[in-house]
There are 2 protein chains.
Amino acid sequence: MATRTDAPTRREQILKEAARLFAERGFHGVGVDEIGAAVGISGPGLYRHFAGKDAMLAELLVGISGQLLTGAKRRLAEVDGTPAEEVLDSLIEGHIDFALDDRPLITLHDRELDRLRDSDRKLVRQLQRQYVELWVSVLREVYPGLAEPAARSAVHSVFGLLNSTPHLGRAGSLPGRGTTAELLHRMARGAFAAAATE
Amino acid sequence: MATRTDAPTRREQILKEAARLFAERGFHGVGVDEIGAAVGISGPGLYRHFAGKDAMLAELLVGISGQLLTGAKRRLAEVDGTPAEEVLDSLIEGHIDFALDDRPLITLHDRELDRLRDSDRKLVRQLQRQYVELWVSVLREVYPGLAEPAARSAVHSVFGLLNSTPHLGRAGSLPGRGTTAELLHRMARGAFAAAATE
DNA sequence: CCTTCAGGTTAACGACCGCTAACCTCCCTG
DNA sequence: CAGGGAGGTTAGCGGTCGTTAACCTGAAGG
């Protein structure tokens, strides 16, 4: 799979802008006219690309959950055989990359889930659950003494920690992406270690 | 100040239900008729108690920020003179209590801020900033080596961790409030300690 | 050169929503 | 026992929003 140098398709433009707007003002707070204007076309023109506003949100959320899950699975396969600690580090690193690179998406991910149709919501929930369970099993390899309910809670809490990136000062005030990523990584590891300390 | 045993006023009922509904479906996703129905009156009856839907959200968000800040200040005064580590523990405990007892409010707190009028939003932001700075100064007493920008990032991230309670299984699946509180507390301390480890 | 079709446009419809107006009904109080 | 305000009610207005309908246009293809 080559890194894409193509110009983004119109669909992709729309999804990107819609994600940004949804994250900024909430799903119900954004009108289709605004989404259209953000990509240079006007309101109803969007319906040549999507069945409706709901469909855009659904595609975004399913995409996010799927991307997180398949990314994690890929990492798991890549580091197969290495110590569990390194696997956990790889998972953390992947999640941080996502949280830092796609802040609007990370925001949507745990905010607008309830606006989906039942079937889409079930799908997203299932993907999210698989992602969590994957973390839980790796975590319990690293800390065998950690009970499963506690491990699950710990994973959710660390997601909360890592997903806090949108709250870390807008753009310029951050101490640089690499520094922030390292800080988050250390804190996640520290939180997990503390969770495992009876 | 006696613990209140009075029946809640109508205003308080409304605010509580509005908070729950806003947290569930977002500010724009809830109609005034639903809020009214949730307290047994119908739609426009709310306007005897609030100037409008916006006013409810504003009162909720200002209330949350104020409550967090004054609670933290009170705790700081109570444990005055004790080691900084204990002060930090007290802050963490207070935040956890709030996050576990008022999950809808904690959700609103960092989700619907942008729906406020400019003046209200500025007020809430100011209260939030004071709260953060209070944590930052205590944290830097405990870990003098921690630079201020890193400390601020660490505080925001730990808020993300502690505010993850709404994502920890609905009601029955949790291992009990006390256990969860202890787990969160340990993880927060672990995350801070790791943040301070160069 | 004519056709077709992808990808736009504007107009407009129907539903919904926040809010106001007008009215009603207790209950407290002088 | 009058009366007045607190706290409801329903009807309805004005605006917004998602969506559809009808139409246009430029470029590709036989």
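Below, read A as the first sequence line, B as the second, and so on, with proteins coming before strands; counting in each chain starts at 1. It should be emphasised that the depicted structure is a prediction, and the values quoted were computed from it without experimental measurement.
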- Query: Along DNA chain C, 5' to 3', what are the outermost nucleotides having an atom less than 4.0 Å from a heavy atom of chain A?
  - Reply: dG7(C) to dA11(C)

- Relative to the ring of Y131(B), is the ring of H95(B) parallel (under 30°), tilted (30 to 60°) or perpendicular (over 60°)? parallel

- Task: In whole angstrom, give the distance that lies between atom CG of L46(B) and atom P of dT10(D).
- Result: 13 Å

- Message: So G31(B), base contact, sugar-phosphate only, or nothing? Heavy-atom distance under 4.0 Å.
- Response: sugar-phosphate

- Query: Just checking V30(B): base, sugar-phosphate only, or nothing, at a heavy-atom cut-off of under 4.0 Å?
  - Reply: sugar-phosphate

- Go through V30(A) and E24(A) one step at a time and tell me if the side chain to side chain contact (heavy atoms under 4.5 Å, CB included) criterion holds. CA-CA 9 Å; V30(A) 180; E24(A) 277 174 14; over 6 Å; no

- Message: Can you tell me if R48(B) touches the phosphate of dG5(D), counting only side-chain N or O atoms and a distance under 4.0 Å to OP1 or OP2?
- Response: no

Find every protein N or O atom lying less than 3.5 Å from an N or O atom of nucleotides 19-21 of chain D, and list the pairs.
from, atom 1, to, atom 2, distance (Å)
dT19(D), OP2, Y47(A), OH, 2.4
dT19(D), OP2, K53(A), N, 2.9
dT19(D), O5', Y47(A), OH, 3.1

- Task: Using the test salt bridge (Lys or Arg N to Asp or Glu O under 4.0 Å), find all partners of D120(A) that sit at least two apart in sequence or belong to another chain.
- Result: R117(A)

- Message: Could you work out, with side-chain hydrogen bond (donor to acceptor under 3.5 Å, both in side chains) as the rule, every residue matching D118(B), not counting sequence neighbours?
- Response: R121(B)

- Message: Please enumerate all residues that pass side-chain hydrogen bond (donor to acceptor under 3.5 Å, both in side chains) together with R177(A), with sequence neighbours excluded.
- Response: D97(A), D101(A)

- Item | Interatomic distance where NE2 belongs to H28(A) and C1' belongs to dT16(D) [whole Å] | 14 Å

- In short, ring pair (Phe, Tyr, Trp, His ring centres under 6.0 Å) pairs touching residues 30-54 of chain A with sequence neighbours left out are none

- Message: Looking at E86(A), is its backbone amide N or carbonyl O close enough to the side chain of S90(A) to form a donor-acceptor pair, meaning the two atoms are under 3.5 Å apart?
- Response: no

